[in-house]
Amino acid sequence: MTVRVKAVLLDLDGTLLDTAPDLLEAANSMLRDLGHAPVAIADVRAYVGRGIPNLVKRLLAGRLDAADDPAPPPTDALTSFRRHYAEANGRQAAPYPGVRQGLDALAAMGLPLACVTNKAETFTLPLLARSGLDRYFRVVVSGDTLPRAKPDAMPLIWVCGHFDLKPADMLMIGDSVNDARAARAAGCPVFIVPYGYNEGRDVRKLDCDAIVASLLDAADLIEPA
């Protein structure tokens, strides 16, 4: 399918950048500090998706549903993870195939781009700068920019207001159930990439308008309105 839109919103971890190696380094450093056994990168890829506090809860519990517990993670664990991640952030993260070409294609269409992520701003902005992707985005909404993050619609609706556009005129591109749910709640069309972090779920089961192999493939399905 082809969509006609006036702006594009993009998720960060698992959509633009493979950040799992950096997160793994911080995770195992935290676990070592606390006397726990290390985890594998496959575990980190499955646990990413709802921000660092929930990632820490999952790492400590060793299961995905730990994020459903409303209690915050232990302060010492969260502090340790953030300290180690501040050092690891951006060292090994790399764009997925087709990301830079896709961003160039979207920019060439004249479409304003926004990065909407659940990663905290203190990590988001340095990561975008270190990867060289910051130049593409007119606005960045991090997980702590607003009172609520994805899968809530608030970040997407906020960008609508920033660009003075209707939700139907903005396409969300992400990799997870959080992106799909946020887009549907906001009233935005949504594309999903199959290679990112979807909390262990099959992306083919997500409510989306298209599954695209790469960001460049997504650009081929977009027409500026």
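Computed from heavy atoms alone, side chains included, the values below leave out hydrogens, waters and symmetry copies.
- A donor-acceptor contact shorter than 3.5 Å is absent between the side chain of Asp144 and the backbone of Ala120.
- Judged by distance alone, with hydrogens and angles left aside, the side-chain atoms of Arg58 form a donor-acceptor pair with the main-chain N or O of Leu64 at under 3.5 Å.
- Checked by atom type and distance alone, the side chain of Asp69 never pairs as donor or acceptor with a backbone atom of Ala66 at under 3.5 Å.
- When each of Asp18, Asn198, Thr19 is checked for a side chain to side chain donor-acceptor pair (under 3.5 Å) with Arg45, only Asp18 meets the rule.
- Of the inter-residue distances, the one linking Leu103 atom CG with Arg135 atom CZ reads 8.5 Å to the nearest 0.5 angstrom.
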Take Asp33 and His84, measure what side-chain contact (heavy atoms from CB on, under 4.5 Å) needs, and give me the verdict at the end. CA-CA 10 Å; Asp33 289 347; His84 291 297; 2.7 Å; yes
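- The neighbour count for Asp164 CG, taken as heavy atoms of other residues, nucleotides or ligands under 6.0 Å away, does not exceed 12.
- Side-chain contact between Leu59 and Phe81 is present, with heavy atoms from C-beta onward closer than 4.5 Å.
- A side-chain donor-acceptor contact under 3.5 Å links Tyr197 to the backbone of Ala20.
- Nearest heavy atom pair, residue Gly174 against residue Asp11, reads CA-CB, 3.9 Å.
- Leu10 places a side-chain heavy atom less than 4.5 Å from the side chain of Phe137.
- Counting heavy atoms from C-beta outward, Val5 and Pro189 have side chains that approach closer than 4.5 Å.
- Remark: the backbone N or O of Val39 is paired with a side-chain donor or acceptor of Asn28 at under 3.5 angstrom.
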Go through the steps for Trp158 and Thr145 under the test side-chain contact (heavy atoms from CB on, under 4.5 Å), then give the verdict. CA-CA 10 Å; Trp158 186 92; Thr145 301; 5.7 Å; no
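- Separation of atoms CG (Leu12) and CG (Asn118) is listed at 10.5 Å; rounding is to 0.5 Å.
- For the pair Asp22 (side chain) and Ala93 (backbone), a donor-acceptor distance under 3.5 Å is present.
- A donor-acceptor pair under 3.5 Å is formed between the side chain of Lys57 and the backbone N or O of Ala71.
- No side-chain N or O of Asp76 forms a donor-acceptor pair with one of Thr79 less than 3.5 Å apart.
- The CG atom of Leu127 sits 5.0 Å away from the CG atom of Asn89 when rounded to the nearest 0.5 Å.
- Heavy atoms only, all atoms of each residue included: Ala153 and Ala186 are closest at CB-N, 3.6 Å.
- Asp13 pairs with exactly one of Lys119, Arg50, Lys150 by the salt bridge (charged side-chain N to carboxylate O under 4.0 Å, His left out) rule, that one being Lys119.
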Just do the side-chain contact (heavy atoms from CB on, under 4.5 Å) check on Tyr96 and Thr15 with the steps written out, would you? CA-CA 8 Å; Tyr96 289 100; Thr15 300; over 6 Å; no
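- You'll find the side chain of Pro167 reaches within 4.5 Å of the side chain of Ile157, heavy atoms only.
- Distance check, rounded to the nearest 0.5 Å: CD1 of Ile52 to CG of Leu23 gives 7.0 Å.
- A heavy-atom distance below 4.5 Å is found between the side chains of Leu111 and Pro224.
- Between Phe163 and Asp169, the closest side-chain pair of non-hydrogen atoms is not below 4.5 Å.
- Of the possible polar contacts, one joining the Ser131 side chain to the Leu128 backbone as a donor-acceptor pair under 3.5 Å is found.
- The cluster map of Ile, Leu, Val, Met, Phe, Trp and Tyr, joined by side-chain heavy atoms under 4.5 Å apart, puts Tyr195 and Leu221 in the same cluster.
- Put simply, Ile192 and Leu9 are part of the same group of oily side chains (I, L, V, M, F, W, Y) that touch within less than 4.5 Å, one to the next.
- Taking CG of Leu206 as the reference point, atom OG of Ser176 lies at 7.5 Å (rounded to 0.5 Å).
- Put simply, the side chain of Tyr85 never gets that close to the backbone of Ser80: no donor and acceptor are under 3.5 Å apart.
- Contact record, Asn178 with Gly49: ND2-O, 2.6 Å, taken as the closest heavy-atom pair.
- Cluster membership for Met109 and Val3, using ILVMFWY side-chain heavy atoms within less than 4.5 angstrom, is shared.
- Looking only at distances, a side-chain donor or acceptor of Asp209 sits under 3.5 Å from a matching main-chain atom of Val190.
- Hydrophobic clustering of Ile, Leu, Val, Met, Phe, Trp and Tyr side chains at less than 4.5 Å, counting indirect connections, unites Leu55 with Phe123.
- In this structure, CE on Met30 lies 12.0 Å from CZ on Arg82, to the nearest 0.5 angstrom.
- Side-chain contact between Leu60 and Leu34: present, with at least one pair of heavy atoms (C-beta onward) separated by less than 4.5 Å.
- Hydrophobic clustering of Ile, Leu, Val, Met, Phe, Trp and Tyr side chains at less than 4.5 Å, counting indirect connections, keeps Val141 apart from Leu113.
- In summary, the side chains of Tyr47 and Asn54 do not present any donor paired with an acceptor at a separation below 3.5 Å, with no hydrogens or angles considered.
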